[in-house]
Amino acid sequence: MLGLLKIRVQRGINLPLKDTFHSDPYVVVTMGEQKVKTSCKKNNCNPVWDDELTLALKYPDVPIVLTVYDKDTFSKDDKIEEAKIDIKPYLEALEMSYHQDLPDGVRVDKVEPGRDNCLAKQSFIIWENGKLIQDMTLMLQNVECGEVQVQIEVIPKMLSEDAFFA
């Protein structure tokens with residue numbers, strides 16, 4: 001295990017309607033065999049979840065997949081769509097900055113939108129309060145609209161072990 005991945009699913013923006021008059025969205029985050037999910041927000045195409053989820057980071061090549069669903073009461077939940085996060089740029093920035101004494105607010109790296117990611121706009125990897133964080137706005141794939149804002153942070157294995165035994 002490389003460490004823990006903390007992902008804060010902050011909000012959805014302009015999510016498409018799946019039911020006639022409303023959607024009840026929630027997000028499922030998967031990485032390999034692991035799966036965690038946010039709370040469900042009723043009647044909202046612009047939900048604010050602000051849910052913090054944690055996964056074990058085992059393999060840097062396994063993508064993180066965020067799938068947005070619409071909760072249905074009497075039938076199977078509808079899949080709205082998904083977005084993927086490539087963790088490799090973040091891990092490279094973490095390795096570069098790990099042994100440096102950086103001041104808060106330093107931009108360690110930036111990631112541009114491209115074919116390899118679902119970024120809606122450039123994303124900065126920032127050193128803040130002794131941690132490396134990355135805020136991202138992700139476009140949902142294969143739908144006419146919809147974005148999800150998230151923040152990721154990796155707690156490296158040696159730090160996560162200290163946290164467990166403190």
Side-chain angles (χ1 to χ4, degrees), residues 1-13 15 25-41 47-69 71 77 79-141 146-166:
M1 185 170 97
L2 301 173
L4 298 175
L5 172 73
K6 287 176 31 176
I7 181 164
R8 180 176 299 279
V9 181
Q10 296 167 323
R11 60 186 289 229
I13 302 166
L15 299 178
Y26 65 95
V27 177
V28 174
V29 180
T30 56
M31 187 168 52
E33 301 285 319
Q34 302 174 79
K35 184 186 289 190
V36 290
K37 72 178 188 175
T38 67
S39 57
C40 178
K41 299 298 178 183
V48 175
W49 292 288
D50 205 28
D51 288 353
E52 188 173 287
L53 310 170
T54 304
L55 298 162
L57 181 59
K58 297 178 182 178
Y59 309 104
D61 294 331
V62 175
I64 302 158
V65 180
L66 283 80
T67 308
V68 181
Y69 288 93
K71 179 85 174 149
D77 293 352
K79 178 180 174 179
I80 294 176
E81 204 35 85
E82 66 184 29
K84 293 181 179 146
I85 298 173
D86 179 8
I87 193 80
K88 286 181 277 191
Y90 179 95
L91 294 176
E92 290 167 5
L94 181 63
E95 190 174 318
M96 284 188 322
S97 62
Y98 188 63
H99 296 291
Q100 298 179 27
D101 187 23
L102 299 173
D104 283 351
V106 168
R107 291 180 178 173
V108 176
D109 201 0
K110 75 176 174 183
V111 184
E112 296 289 343
R115 300 178 128 201
D116 299 337
N117 61 48
C118 293
L119 291 174
K121 57 186 176 183
Q122 69 183 195
S123 171
F124 294 99
I125 301 171
I126 299 174
W127 185 261
E128 193 68 49
N129 297 322
K131 302 183 277 189
L132 205 58
I133 59 170
Q134 183 177 3
D135 290 309
M136 292 179 256
T137 301
L138 304 167
M139 291 186 302
L140 296 178
Q141 300 174 324
E147 297 176 344
V148 178
Q149 289 182 337
V150 299
Q151 181 184 78
I152 62 170
E153 173 191 349
V154 171
I155 302 169
K157 184 176 181 183
M158 52 254 167
L159 295 179
S160 62
E161 286 174 351
D162 292 344
F164 286 126
F165 297 112

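Note on Arg8 versus Asp50: salt bridge recorded, some NZ/NE/NH1/NH2 to OD/OE distance being below 4.0 Å.
Between Ile7 and the choices Val27, Val36, Leu53, Thr38, the side-chain contact (heavy atoms from CB on, under 4.5 Å) rule is met once, by Leu53.
Side chains of Val148 and Met136 form no contact here, defined as non-hydrogen atoms less than 4.5 Å apart. Counting heavy atoms from C-beta outward, Tyr90 and Ile85 have side chains that stay 4.5 Å or more apart. Looking at heavy atoms from C-beta onward, Met31 lies in side-chain contact with Leu57 at the 4.5 angstrom threshold. Proximity of Gln122 to Pro113: side-chain heavy atoms (C-beta onward) are separated by under 4.5 Å at one or more points.
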What's the verdict on side-chain contact (heavy atoms from CB on, under 4.5 Å) for Val150 and Val29, showing C-alpha distance, side-chain angles and the deciding distance? CA-CA 11 Å; Val150 299; Val29 180; over 6 Å; no

Between Asp104 and Trp127, does the side-chain contact (heavy atoms from CB on, under 4.5 Å) criterion hold? Intermediate values first, please. CA-CA 6 Å; Asp104 283 351; Trp127 185 261; 4.2 Å; yes

Show your working on side-chain contact (heavy atoms from CB on, under 4.5 Å) between Val154 and Ile152 and close with a plain yes or no. CA-CA 7 Å; Val154 171; Ile152 62 170; 5.8 Å; no

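To the nearest 0.5 Å, atoms CD1 (Ile13) and CD (Gln149) are separated by 3.5 Å. A distance of 11.0 Å separates CD1 of Ile126 from CG of Asp109, quoted to the nearest 0.5 Å. Expressed to the nearest 0.5 Å, how far CG of Leu55 lies from NZ of Lys6 amounts to 12.5 Å. From Leu2, atom CG reaches atom CD1 of Ile155 across 13.5 Å, with rounding to the nearest 0.5 Å. Atoms CD1 and OG1, on Ile80 and Thr67 in that order, are 10.5 Å from each other to the nearest 0.5 Å. Of the inter-residue distances, the one linking Glu147 atom CD with Thr137 atom OG1 reads 6.0 Å to the nearest 0.5 angstrom.
For Ser39 against Asp51, the heavy-atom pair with the smallest separation is N-OD2, 2.7 Å. Considering every non-hydrogen atom in both Leu15 and Pro25, the closest pair reads CD1-CB, 3.8 Å. In terms of heavy-atom proximity, Pro156 sits nearest to Leu94 at CG-CD2, 4.0 Å. When every heavy atom of Leu138 is checked against every heavy atom of Ala83, the shortest pair comes out as CB-CB, 3.9 Å. Nearest heavy-atom pair, Met1 versus Ala56, reported as atom, atom and distance to 0.1 Å: SD-CB, 3.6 Å. When all heavy atoms of Ile87 and Pro60 are compared, the closest pair comes out as CG2-O, 3.3 Å.
Crowding of Lys79 atom NZ: a count of heavy atoms from other residues, nucleotides or ligands under 6.0 Å exceeding 12. Counting non-hydrogen atoms of other residues, nucleotides and ligands closer than 6.0 Å to CG of Asp116 gives a total of 12 or fewer.
The main-chain N or O of Lys131 is never found under 3.5 Å from a side-chain atom of Asn129 such that the two would form a donor-acceptor pair.
Judged by distance alone, the side chains of Gln134 and Ser123 do bring a donor and an acceptor atom under 3.5 Å apart.
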